[in-house]
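All chains are named by letter (A, B, ...) in the order of the sequence lines, taking the proteins before the strands, and each is independently numbered beginning at 1. Fair warning: this is a prediction, and the values are worked out from it, not measured in the lab.
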Amino acid sequence: MSRRQYPFHLIEPRWQRHWAAEQTFRAWNPGDSIPESHPFGLRHGLAGRAAAASDLPPKFYILDMFPYPSGAGLHVGHPEGYTATDILARYRRAQGFNVLHPMGWDSFGLPAEQYAVKTGQHPRITTETNIANFTRQIQSLGFSYDWSREVATTDPEYFRWTQWIFLKIYNSWFNPATNKAEPIDTLTYPADCQTDAQRRAYRDSKRLAYVSEAPVNWCPELGTVLANEEVIDGKSEVGGFPVIRKPMRQWMLRITAYAEKLLADLNTIEWSDSLKEMQRNWIGRSEGAEVDFQVDSHAEKIRVFTTRPDTLFGATYMVLSPEHRLVSTLTTPAQTAAVKQYQEFAATKSDLERTELAKDKTGVWTGAYALNPVTGGRIPIWIADYVLATYGTGAIMAVPAHDERDFEFAQKFQLPVVQVVQPPDTKTEWQGFCDEGTAVNSSNAEISLDGVPTAEAKRRITAWLESKGLGQKTVNFKLRDWLFSRQRYWGEPFPIVWRKDAEGTLCHEALPETALPLLPPTLEDYKPTADGQPPLARAQDWLNLPDGSVRETNTMPQWAGSCWYYLRYLDAQNSQGFVGREVESYWMKSGGKTPGVDLYVGGTEHAVLHLLYARFWHKILFDLGQVSTAEPFFKLVNQGLILGEDGQKMSKSRGNVVNPDDVLAEYGADAFRLYEMFMGPLQDTKPWNTQGVEGVYRFLGRVWRLFVDEKAETDYEQASTVAGGTDSAAEAARLLDLIRLSPLIRDEAPTPAQLKLLHECIRKVGHDLEHLQFNTAISAMMVFINGAMTWENRPSAVLRPFLQLLAPFAPHLAEELWQRLHQHLGTPVPSLTYAPWPAFDPALLVETDMELPVQVNGKLRDVIRMPVGASAAEIEAAALKAEKAQAFIVGKTVKKVIVVPRKMVNVVVA
RNA sequence: GCCGCGGUGGUGAAAUGGCAGACACAGGGGACUUAAAAUCCCCAGGCCGCAAGGCCGUGCGGGUUCGAGUCCCGCCCGCGGCACCA
């Protein structure tokens, strides 16, 4: 361990205690009574009174993605985003905003449960231990969170409202007429719903939370089902275990009802292009048409979805997915055995195998034919697993000439290929041509598309199909409804019971709101039951209610709690509702320009998980009038991954994991914060480099030495060596007392050069903070310090604003020096957090002279000094005489001279 | 395959179309020191040259422009996402 650059180990705990005692970062809600002495109140003239929303300054809501408190503790990736938001939070406070900057715990999750299965220790114990450790680690970094708003998703006082929101969703339906969610009692019933049971069945089929019996993603290793978003390449997102399809009765949330809004509203928010694109791809909107094909010699019709209705004349066969409901009806006796065998073959394939075998097309003919509605031709009906049961109608018309997959299939099974699109470039082979061109061979007695470009041909044929009642324009989405139940113990229990109705049908019923929170039962054993029921089914007393009803034994997925935590922060102590109206409106709506959370920073791993789910819940709550914005997160930034020193992803097995605690012990929180911001742009992936930490640490040391008297520093060094390792607060205070500021620091007028250096720094830091360019802001401060170190006097009027610039980045050091500076000058110490951000004065940057590069034919040849006010003609004349440029000008014809004011001169010669 | 993002010294990186490489790391040299650490000062894109200076240089090839790392066209490579979605 190298010698300490400055006593951060004494300074940092000291200021962390101070902030906690003063409640410095407490954010005030409308109606809150602000204490007499609180620096926010003093700054804004609100001390000692209750501030109405209209009295409070503009709000700024800066949010971090709250962590899952894992047993492994904090990773260096966590503080990257947290530091960025903290810097901005502190900057906005200095600018005068009412800043909300909270932290909490996404604490439901698998590891605590798996630990419980192994050891029998209740997941709550594990979770609390981990939260305590995370809290310690996060607090040691000096982040300016308002801890009074801390939430944990596992807290019954939190999840009672998660359950409450679920009930709101359960008791709503999506009204296509109003295009929004409405309470279920606005539902009107069709005429054939006469009995209570019929009405109930209809109602249950419309709810935004509904029960479905369908093939789901089952992960045997994890012992639970998973949402589509949690399955990657046929494996579980957590753990990478195989996932199979298995029919099960599960709770679903009707996110597909919001597909259009989730897509369209991406245009109203400031997220990165890549993230928006990921959500767009996941939602997967495609426009096309549904077309009905009459089955030959049969009453049935087969409906298909196609994005290329213009190729209808080229449909030479059809394919149903093996699970399609008509397969058994259509199959001829001769083909029955083969079809059955293929269905079984397809059913046993896992998702993983399905993807791996994607190359090789398989399928079986059903023996049946359909009629092409435009050509009238008899076309064979096949089943094949390249057609997915879950997309479109689960059936396609195959146009082998102009679809790659159909072409492959047709080749393999020798099915006819008919050209109906002519490529724009006549040299292009038409077979397998899938782009847009011109329709050919596409006419019958009633309609002709021949010679019509693809886009127009789509319109014409769709209109024709509609007029004939054979089909219609349709939009399809890849997005599937959200599988919302898990076979877990450590999650929110559903506030649902099951009861048999008069006819003996098992029906679900919501618990009343007064029954919330519904706590999970205490268990001895957290494993699923022997017959495969979720762990909650073990608790017989909890499960069976006196009135004969039985509780739902599934729990909600981990994503439930994170769907709305940013709303709970607004009003974390509210026991009457999930968030108060006025409070919600103040933080989410007021302020005009940026509705919702003003800045949200987190990793990219939640692109189609948390970030999609939370938008969905928010939109339901918006429709139901519970929140005042359509989108929760206005601006979102993804921090880049921090790699190990070897440039590889950090992992235990590689042994390249950097532990924040170690960095903190050696360099302190301020250096750690500064380094994570100095590494490179926030959004970039970048490798860790411990020597880079040394670099910013040295910079902080130079800041310290700019302020501190050398002699006092030596005295302190000796005393602290004698004192050894005692870390008591009293001892720390005694040692710090030995520190005196440099006598060079005086209350005297700064020189123009000193002011210029300062204001260049103010300008650059302010600009860079607005653009989240922390790395260049830090280098600007380094430039200032490198210059200031050479000064023979150190005017306080320059050092004071510098400390304000430094404060968001290295708050502990800045606070210490700020306090000392004021004491040194014998003035009262104002709050650094709420001191108004230094104003930038452009007038101080104006120079009398400037350096002007002289180019000849675009190449730099000389640099001339000119007065700032020089005219273009004067500059031109001087440039033509520039000594070093002469060699390139003399003897040539000057064709043109370009003078860019204050930038450069370019002499064009020939 | 499709979509998105990127490619600049030994390394992390800077550069509203206007002096490429700020700031830092690693490196080299020096001061201080009995010595080391720490600190302070200097050098540092490549090639040629004793030097002055010159030539080359932002993945590759073209183009626009007085001027391109930056804009346009066509490639190559890397990273991330999606992937039989009809």
Can you name the atoms? Protein N/O to nucleotides 29-36 of chain B N/O, anything below 3.5 Å, with the distance.
none

So which protein nitrogen or oxygen atoms get under 3.5 Å of nucleotides 72-80 of chain B's nitrogens or oxygens?
none

> Is it true that A:Tyr317 and A:Phe413 have ring centroids separated by less than 6.0 Å?
Replying inline: no

> Given the side-chain rings of A:Phe672 and A:Tyr675, with only the six-membered ring counted for Trp, is the space between their centroids under 6.0 Å?
Replying inline: no

Between the protein and nucleotides 62-64 of chain B, which nitrogen or oxygen pairs come in under 3.5 angstrom?
none

Any N/O pairs under 3.5 Å between the protein and nucleotides 25-28 of chain B? List them or say none.
residue, atom, partner, partner atom, Å
B:C25, OP1, A:Arg698, NE, 3.1
B:C25, OP1, A:Arg698, NH2, 2.7
B:A26, OP2, A:Arg698, NH2, 3.3

Distances under 3.5 Å between protein N/O atoms and the N/O atoms of nucleotides 48-56 of chain B, please, pair by pair.
residue, atom, partner, partner atom, Å
B:C55, OP2, A:Arg861, NH1, 3.0
B:C56, OP2, A:Lys859, NZ, 2.9

If you only use heavy atoms from C-beta on, which nucleotide in [options] is closest to the side chain of [X]?
| X | options | result |
| --- | --- | --- |
| A:Arg702 | B:G18, B:A24, B:G4 | B:A24 |
| A:Asn786 | B:A24, B:C3, B:C82 | B:A24 |
| A:Asn775 | B:A13, B:A86, B:C66 | B:A13 |
| A:Asp385 | B:C82, B:C84, B:G12 | B:C84 |
| A:Met782 | B:C84, B:C19, B:A24 | B:A24 |

> Using 30° and 60° as the class limits, which term best fits the ring planes of A:Tyr6 and A:Tyr697: parallel, tilted or perpendicular?
Replying inline: tilted

> For RNA chain B, what string of dots and brackets results from 5' to 3' when Watson-Crick and G-U pairs need both distances under 3.5 Å, crossing pairs get [ ], and pairs with another strand get |?
Replying inline: (((((((..(((.....[....))).(((((.......))))).((((....))))..(((((..]....))))))))))))....

